[in-house]
Peer 1: 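Sending over a structure as structure tokens; questions will come in a sec.
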Amino acid sequence: MTEPSAIRVLLVDDDPLVRSGLRLMLGGASDIQVVAEAADGAEVAALVDAQAPDVVLMDIRMPGVDGLAATEALRARPRPPEVIVLTTFNTDEHVLRALRAGAAGFVLKHTPPAQIVDAVRRVAAGEPVLSPAVTQQLIAQVAGRSGQPGRAARAREQLAGLGAREREVAVAVGTGKTNAEIAAELYMSLPTVKTNISRIMAKLGLGNRVQIALLVHDAEEV
């Protein structure tokens with residue numbers, strides 16, 4: 001039986017076999033409930049209105065409205081659900097756009113079931129689904145520093161508006177460190193780290209810590 005406080009999940013993928021597999025693996029967790037499925041990004045807004053999911057698992061490539069456009073539209077709404085992008089490394093150039101739009105992270109389609117379940121739980125709890133190793137690989141491949149005149153300068157200007165301690169926390173987030181790792185490295189308590197991250201997002205107008213990491217990389221701070 002699903003718990004009353006279950007994490008509500010919307011699956012968005014044009015492949016019914018992928019959706020079936022995701023539903024099966026998530027259905028085994030008592031604290032997660034798949035509330036709806038969509039085969040195209042055009043269906044997402046209405047389903048979010050009707051089902052109020054906490055997390056959306058979003059494919060990138062779909063024949064009508066793709067996952068990138070759907071993610072941007074969702075994250076522009078008041079109190080939007082969190083979005084996890086379903087991807088493979090051959091779509092790296094698209095993942096950056098999704099992360100900048102406010103997606104909480106990404107999982108590979110062939111990720112082991114237990115890790116996908118854990119990803120949903122983490123995102124619902126406000127933690128991004130970006131391991132340090134994968135974060136560095138992804139951002140190194142798609143940050144696109146060349147051919148982006150002015151981006152690094154703008155990012156540095158934004159970071160300059162932070163306090164010294166906030167900037168240290170931001171750079172640590174940019175390396176993919178968890179809150180606990182940041183606390184240990186910077187000799188802070190865990191609540192202080194969380195407070196600093198909240199302040200950074202508020203000052204910079206960012207939606208989540210993934211966007212902090214991207215800004216740090218744009219500024220070439222890591």
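All values below come from the heavy atoms of this structure, side chains included, with hydrogens, waters and symmetry mates left out. Keep in mind the model is a prediction, meaning the values are calculated, not measured. Numbers here are sequence positions counted from 1.
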Peer 1: Using a 4.5 Å cut-off on heavy atoms from C-beta on, say whether the side chain of D14 contacts that of D40.
Peer 2: no

Peer 1: With distance as the sole test, does R167 use its side chain to make a donor-acceptor pair with the main-chain N or O of L162 at under 3.5 Å?
Peer 2: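 Not confirmed, R167 side chain does not pair with L162 backbone.
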
Peer 1: Which residues pass the side chain to side chain donor-acceptor pair (under 3.5 Å) test with E37, sequence neighbours left out?
Peer 2: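 Side chain to side chain donor-acceptor pair (under 3.5 Å) check on E37 returns R19, R23.
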
Peer 1: Rounded to the nearest 0.5 Å, how far does OG1 of T178 lie from CD of E185?
Peer 2: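 OG1 of T178 is found 10.0 Å from CD of E185.
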
Peer 1: Considering only heavy atoms from C-beta outward, does the side chain of V56 approach that of E82 to under 4.5 Å?
Peer 2: no

Peer 1: Do E157 side-chain atoms and R154 backbone N/O form a donor-acceptor pair below 3.5 Å?
Peer 2: no

Peer 1: If you compare all heavy atoms of R75 against all heavy atoms of G102, which two are closest, and at what distance to 0.1 Å?
Peer 2: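 Shortest heavy-atom contact: NE-O, 3.2 Å.
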
Peer 1: For V65 and A42, which heavy atoms make the closest approach, and how far apart are they?
Peer 2: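 The answer is CB-N, 3.5 Å.
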
Peer 1: What's the spacing between I200 CD1 and I212 CD1 if we round to 0.5 Å?
Peer 2: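 The CD1 atom of I212 is 5.0 Å from CD1 of I200, to the nearest 0.5 Å.
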
Peer 1: Should V18 and V120 be counted in the same cluster of Ile, Leu, Val, Met, Phe, Trp and Tyr side chains packed under 4.5 Å apart?
Peer 2: yes

Peer 1: Could you check N196, V193, I197 and say which one makes a side-chain contact (heavy atoms from CB on, under 4.5 Å) with V173?
Peer 2: I197

Peer 1: May I ask you to test the V55-P81 pair for a side-chain heavy-atom distance under 4.5 Å?
Peer 2: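 Side chain of V55 against side chain of P81, heavy atoms only: no contact under 4.5 Å found.
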
Peer 1: Under 4.5 Å between any side-chain heavy atoms of D59 and D15, yes or no?
Peer 2: no

Peer 1: Any link between L47 and V12 through a network of hydrophobic side chains (Ile, Leu, Val, Met, Phe, Trp, Tyr) touching at under 4.5 Å?
Peer 2: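 Linked, L47 and V12 end up in one cluster.
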
Peer 1: Going by side chain to side chain donor-acceptor pair (under 3.5 Å), name the residues that satisfy it together with E72, two or more places apart in sequence or in a different chain.
Peer 2: R97

Peer 1: Would you say that I7 contacts Q33 through its side chain, given a criterion of any heavy-atom pair below 4.5 Å between the two side chains?
Peer 2: no

Peer 1: Heavy atoms only: give me the nearest L204-L159 pair and the separation to one decimal.
Peer 2: CD1-CD2, 4.4 Å

Peer 1: Determine whether S5 and D31 make a side-chain contact, defined as any pair of heavy atoms from C-beta on separated by less than 4.5 Å.
Peer 2: no

Peer 1: Looking at every heavy atom in both A29 and R121, which two are closest together, and how far apart are they?
Peer 2: CB-NH2, 3.6 Å

Peer 1: With rounding to the nearest 0.5 angstrom, report the CE to CG distance, M62 to D13.
Peer 2: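 These two atoms lie 7.0 Å from each other.
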
Peer 1: State the CZ-CG distance between R165 and L186, to the nearest 0.5 angstrom.
Peer 2: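 Separation between the atoms: 5.0 Å.
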
Peer 1: According to a hydrophobic-cluster definition based on side-chain heavy atoms being under 4.5 Å apart (Ile, Leu, Val, Met, Phe, Trp, Tyr only), do L215 and M201 belong together?
Peer 2: yes

Peer 1: I need the single residue from V9, L57, T71 that forms a side-chain contact (heavy atoms from CB on, under 4.5 Å) with I84. Which is it?
Peer 2: L57

Peer 1: With a 4.0 Å cut-off, would you call R61 and D66 a salt bridge?
Peer 2: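 Salt bridge between R61 and D66, a charged N being under 4.0 Å from a carboxylate O: no.
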
Peer 1: Can you find a heavy atom in the side chain of V44 that is under 4.5 Å from one in the side chain of L10?
Peer 2: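 Side-chain contact under 4.5 Å: yes.
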
Peer 1: Minimum heavy-atom separation for S30 and A6, please, with both atom names.
Peer 2: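 The answer is O-CB, 4.4 Å.
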
Peer 1: Does a sphere of radius 6.0 Å around NZ in K194 hold more than 12 heavy atoms from other residues, nucleotides or ligands, not counting ones at 6.0 Å or beyond?
Peer 2: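 Open: at most 12 neighbouring heavy atoms sit under 6.0 Å from NZ of K194.
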
Peer 1: Counting C-beta onward and ignoring hydrogens, is there a side-chain heavy-atom pair between L86 and M58 closer than 4.5 Å?
Peer 2: no

Peer 1: To the nearest 0.5 Å, tell me how far M188 CE sits from I182 CD1.
Peer 2: 8.5 Å

Peer 1: Drop me the distance from R8's CZ to Q51's CD, to the nearest 0.5 angstrom.
Peer 2: 6.0 Å

Peer 1: Taking atom types as modelled and ignoring hydrogens, do the side chains of T195 and T192 form a donor-acceptor contact shorter than 3.5 angstrom?
Peer 2: no

